[in-house]
Every structure is written in structure tokens, then in C-alpha cells.
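Have a look at the structure below, then the notes.
Every chain is numbered from 1, with letters handed out A, B, ... down the list of sequences. FYI, side chains are in, hydrogens and waters are out, and symmetry mates aren't considered; it's all heavy atoms of this structure.
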Amino acid sequence: MIVVDQIDSTTVHLTVQGRLDLEDAPKLREHLRDAQASGYAHYLVSMDGVEFMDSSGLSALVSGLKAARSAGGELYLIAPSAPVSKLLELTLLSQIIPTVPTLAAALKQRG
Amino acid sequence: MDIVKRPDAAGGVRCLLTGRLDAHQVPRLKAELDPLPPTLHLDLSGVTFIDSSGLAALVGLYKKARETGGHFTISGLQDAVRLILELTGLHAILPIVPAPGVP
Amino acid sequence: MNDAEVALESTVAALADSQDQLVFLQQAVGRAVNARGVEDLLILLEDALELLGAEGTALYVNGFWVGTVPAWLADEAPPERLTYTLAGTHPDAPAAFLGVPFERGWVAFWTTAGTFQSGDGRLAQTLANLISSTLDAIWLRERQLQQDIEHHDQALAARIWRYVVPEHLSAPKNYQLASLSQPALQVGGDFHVAVDGWVVVGDVSGKGIAAALFTGMFVSALRLAVQHADMGAAIAGVLHPQLESAGMLATVVAVRLQPNGTFEYFNMGHPPILVRRAGGQIESLGPTAPPLGTFAFDSYPTERGQLYPGDMMFLYSDGLNEAQRLSPEEKLELFGLWKVRHTLAHAAETPTLALPHLTQALNGWDVVDDLTMVLLQYVPQAPARPEGNSVLELHLPADTAQLAALGTFIRDACHDLDQPGLPELAVTELAVNAIVHGGARHLLAIVRRVPGGCLVTLEDDGRAFDPTAQEEKVAGELREGGYGLLIVRRSASELHYRRRFDWNSIELTYLRGASL
């Protein structure tokens, strides 16, 4: 399940719960695509409630990151759950996707 | 190294060793034979290599059997075992018997 | 005409009508059976216009009008039951109207001249029922077609995959290998390949034809990439752009194993390669780069390592660590990397015996993804029974678990001495001494074969220890220790010791034709 909040004219906050796998990852991908189409450049993605993620979820996150950067912004991962952190470390994407502990921290990073 | 223990007809323990009896395997052998059965026969016909640690283990078993009034014998010597016994002069001292059932 | 005649004419007309209707219905049913889509159903309705005395007809299905409809009809709500009146008022509304609902929508007929009778109503109702059941049939047929396509896709993907991914891998020189390749029901994108000393395991995300095709591209590209100095960069160059534009990912581990046990590897976001040392410890070789399809780089430097005799390397796909089951509390559990390490640590000695241990550990777990496992063990052979003069070397960690490999090396290298067991025993004694009393961490065994015999040297990096300077204990004494030196001295014709830098070096001479 994904909840989308508009923070301001440039920034959108997505809260993801449950599983991010072959079935559910496309929804995240779609939301990020919609955000890009609507002109948002900063995507803040809360993932403390994600109980499982595989390569399809990873793929959706990475395309969101690339979309954000090509729009001059950034994607921040907020408080990823243990399964998500594990997968990011195993794929070295922990060194590429910026991660912060809270929404406030993400807003601060965004500047 | 494989260690197979069986009770024999006379109520003692017959132990068949297969493989290498070297410094790496000795701790296992010692563990398997602790406590020492009152009557123990070691069949070494499957032992392909033995070094001084393996030899020390055999000597230790022999000494312990003597201390506790037990009975300890060895049979089935192959080339590797004969070699080390000759080099150390123990071939005349350790309790070597013909393999049980072999004339 | 009098009343009776009017009545008769009406009856005859009605009878004629119903006959026409029957004939029409036959045709209508025939048309319905062959309908492929809702457009065909509209045609069916249009065929009925003449029979109904209507000028126009429209079909509303699942919230949409099929085709264009007049403005006065567009916003008309579906009626609850057969009706001859419009719900709303419109300036352009026709004189006569007939609306019939069915499960998924409704049918409308109208005319500007004339009226609709109950007979027309019955025909319209029949048509509406016919349309309703035809829509069900169309929907079911589409679903079946979809399933057929899916089955066809899967069958095709399975063929592509099996064609491209080898079933058996050939082991690199001096290694023993056992492997398992088990695709999930919906075949996906796991693959394993052995080429030119490289062993590669990969996993393309997703399933079906797309994944199978990428797997094919990978396997073909690998055979060419192995010839490049930077194998990872060659693969990335070919495959990353394709994967990225398809929105897919691929993880890859590749290790190149040399006959002397040295190896190099790269790991693009794949589960870690595990190395089980002969002493039982497990080492983990993690990612060196992210998965292909995420970000690519210009170069993919490899990490290096060394395998010693008996060490076992394990490459696998996430079908293993992501196998799942429901815990007693109905929570989803994953097999996990910790269990993989644990199972490997306790598995049997050799790849062929250890592989079943690994597959059996999955009993009771659902493997939901493709499963690939490759076990490799370094088992160096001395150049088969060396003949003539040569120098042979073996590096080993100072661990009693290596004694078997050390012994085999010496025995093979000295095979043509009268008693190869002598140098084997002597070197073993020296090695045990260095390990247990000298605190050595590394051993080096060297055999120089010369016409007269063999010069056998053991070097170790432990504390300085000169066996020639030790007091020898007496033979023939029933003691538990102290026989090592005696054995060494008695076995060889000559014994020399040197201390070189931080290493002990002991050289033993064994002459051909000499015996104890």
C-alpha cells in the first residue's frame, strides 16, 4: 500500500507499507512516474513498514532516483526496514541511494 | 578418518579405523575412546598413514589399559604403520596381535 | 375493414412478425456465437432494427456506450426494468423509445415514427439476454486466450532458457565441481556458465520470455567478454543499457580460478560467494558493484584471494536464501543467508557429497524463484606422477587440516623413491611441529627431483627451530611424545637446516636405491 503526500511544489512524500515484489512494485513505479510527470523533483520515500523487497522493488526505487536526478532533485529513503537495508547492502546500492532516519532529516538534506 | 566401534563376541569393544591417523584426527580418536573400554581391540587394517601423534595416541591407550587393568590389542598393520613402528623402535613393544579370526 | 378483419389482420401480422422474429433469432444466435467483441453485438442489434420497426439502436456495456449515441441518450441512466419511456426530458427525444437492461448494461431502441408494442418489447428482451450471455462468452474466451498466450510464452521461454543455459559445467583445472540448476515453474532468468577458468552465476529479474532472452544475451556475451582484460566492464557495456531501458535488473558473480588456487572475482549485487576453508571457517565475498541495470561503471576491478587444498567455494542464486515458509505463528520466514552459511559449514567434505546436504536443507521450504548452486573445491594434483627432473612447490596455511594435502603432495612428487612414505612422514612431523610448537601461519613444501633421488624441503614462518640442534630422545621407549625428531632424522640420508629471514627451512635428502 502506498500513501502519497504533497509536501510542497517540488517535493512529494511516499509512504510504502507491506511487500514490494513483482506484484506490488509496479505501483511504486507508477507513483514515482506520476510524480515526475507532475513536475516534482524531490521524492521522499518512507520504508519502515516494508516487510519484504526484491529486485522489482529495487528496480522501481532506482528508476525513481534517476528520474529525480534528471529533474534536478533527489530521492531520499527514510528509515528503511531491516529487509530493505539488507538488500541495499547486498547490492551496494546503500552507497548510492541516500538514506535518512526521519522525514525531517530528509527535508533538511533536500534544503 | 572413520571410526567404527562394535561389541565383539567376548564382550569387549572392537574398533576399526579407516583413513589417516595424524595430528588432525587424533583428538577425535581420543574422544571416541574416552572412557576406555576394559577390553579394546584396534583394527588398523584401514589406516593409510600414521604420524607420531597417532603413534602417541596408541601408546597412550596402551599405558592407560595397563594402569586400569584393562586389555588392549592392535592388529592389521599396513605399510604406513609398520614404517613408523620401525623408525621408532616400538614394533616390539606395542601389543600387536594377528587379526582375530585370521590364522 | 370490420373489427373481425382488423383483428384477423393484426393476428396474421403478429404471427408473421413472430415467424420473422424466429428466423431473425436464429440468425442472431449464429452471429452472437461468432462475436469476437462488443462491436459485433452492436451489429446484431442493428440487424434487428427492421424487425422492430426502429430507426436507431444503442448498446451500453460496463459503463460505456459502444460507439457514438445521440445527445438525448448520452446521459440517460440505465433503466431498472424494460421501459418505453425516457427518464429525462430532452428537446430532441424521439416519439417512441424502448429500453431493456441486462446484467452489465442496457439496450436502447427508438423511432421517430410509430410506437413499440409488447411484442417488440419481448424481442428486445430476448436480444438483451442474448447479448448478456454473449458478453460472458467473450470475456471467458479472452481469458482463455490470455492463459493460452501465457502458457505459450512460458513454454517458449523455457525452451529458450534450456537451449542457452548449460545443464552441466566443466570444472576448471585442479577443481572438483558439483552444480544444480533448477528453474521455477514460470521459468526465469537464473543462469550458470563455466568458460576459460571463469565460473559465473547470474540472475536476471523477472520471468518469462523477457528474462529468458536476457539470459541468452548474457551467456553469449560472457563467452566473448572472458577475452577482455576487464571482464566486468565488457559485460556491463553490452547488457546494462538493454536492462536499464527494459526496467530490468541482473545480478552476477564471476570468479576466475587458477590451477594454483589463486582466484579473482567480481560481484554485481549478487548474494555473497562463500568460501569454506579446510579448517571449517566460512568467509564471505560480498558485492563489488551494484546490479546491472541500476548503475554501470567504466571499470570493474576484481578482488583477489587464495584457495588452499580442500577449500570449497559456493556460488548460488537468491532462490536459496529467499526460499520461504510460514512460521508456527503464520509469519512469512525466509531461509536467509545465515542458514546458508551454517548449512555449508556443516556439509560434507566434497562437492558431490555436500550438494545433497544443501538441497536437503530446503526440505519444508518453498523455493519460489529459480535455484542455482555451484560448489567448487580446490584439489590440486601434483603434475600426474612427475618424471625426470623438476621442482614442485605447494603453499599451505599452517593448519593440521592440511596434513592430508601435504602428504599427498610429497608422496606423489616422490612416487618413484623406494619408500615414498618416508619423506611423507618426515615432512608431516616437521609440519606438525611448526604448527603446534612453532606458531607458524604458513608452510611451503618444495620437492626437487634429481637423478639421485629427491631433495625435500619444508619451510615455515614459525619460531626459529633447528631440528639438527635438538637432543634426540631414545628410540624404543614407551613414551607418548618426542618421536617426531627421531623419525625425521632416521628417515633421511641427510638433514640440513637454515634460517632465512623469518622462515625455518629444513631440507631432507632421500636417495634412490636407499631404504631404511
Heavy-atom contacts under 4.5 Å, residues 83-91 of chain A to chain C: A:Lys86, A:Glu89, A:Leu90, A:Thr91
Test applied, side-chain contact (heavy atoms from CB on, under 4.5 Å); reference residue, C:Leu358; option that passes from C:Leu180, C:Leu371, C:Leu375: C:Leu375
Given C:Leu307, C:Leu376, C:Ile282, C:Val255, the one that forms side-chain contact (heavy atoms from CB on, under 4.5 Å) with C:Val275: C:Leu307
A:Ser46 side-chain N/O to A:Ile78 backbone N/O, donor-acceptor pair under 3.5 Å: no
Side-chain donor/acceptor of A:Arg110 to backbone N/O of A:Thr11, under 3.5 Å: no
Side-chain donor-acceptor contact under 3.5 Å, C:Ser317 with C:Asp203: no
Segment of C:Thr251 engaging chain A (4.5 angstrom heavy-atom cut-off): neither
Choice from A:Leu92, A:Asp54, A:Ile96, A:Leu93 maximising heavy atom contacts with chain C below 4.5 Å: A:Leu92
C:His270 side-chain N/O to C:Tyr316 backbone N/O, donor-acceptor pair under 3.5 Å: yes
Any donor-acceptor N/O pair, A:Asp21 side chain to A:Asp24 backbone, under 3.5 Å: yes
Which of C:Gly293, C:Pro271, C:Pro291, C:Pro272 touches chain A most, by non-hydrogen pairs under 4.5 Å: C:Pro291
Check: A:Ser81 side chain, A:Gly49 main-chain N or O, donor-acceptor pair, under 3.5 Å: no
Residue-level contacts of residues 57-77 of chain A with chain C, using a heavy-atom cutoff under 4.5 Å: A:Leu58, A:Ser59, A:Val62, A:Leu65, A:Lys66
CA sep, side-chain torsions, deciding dist, call: C:Ile273, C:Phe263, side chain to side chain contact (heavy atoms under 4.5 Å, CB included): CA-CA 12 Å; C:Ile273 301 174; C:Phe263 66 87; over 6 Å; no
Neighbour count >12 (heavy atoms, 6.0 Å) for atom CG, C:Asp298: no
Main-chain N/O of A:Ile7 paired to A:Asp5 side chain as donor or acceptor, under 3.5 Å: no
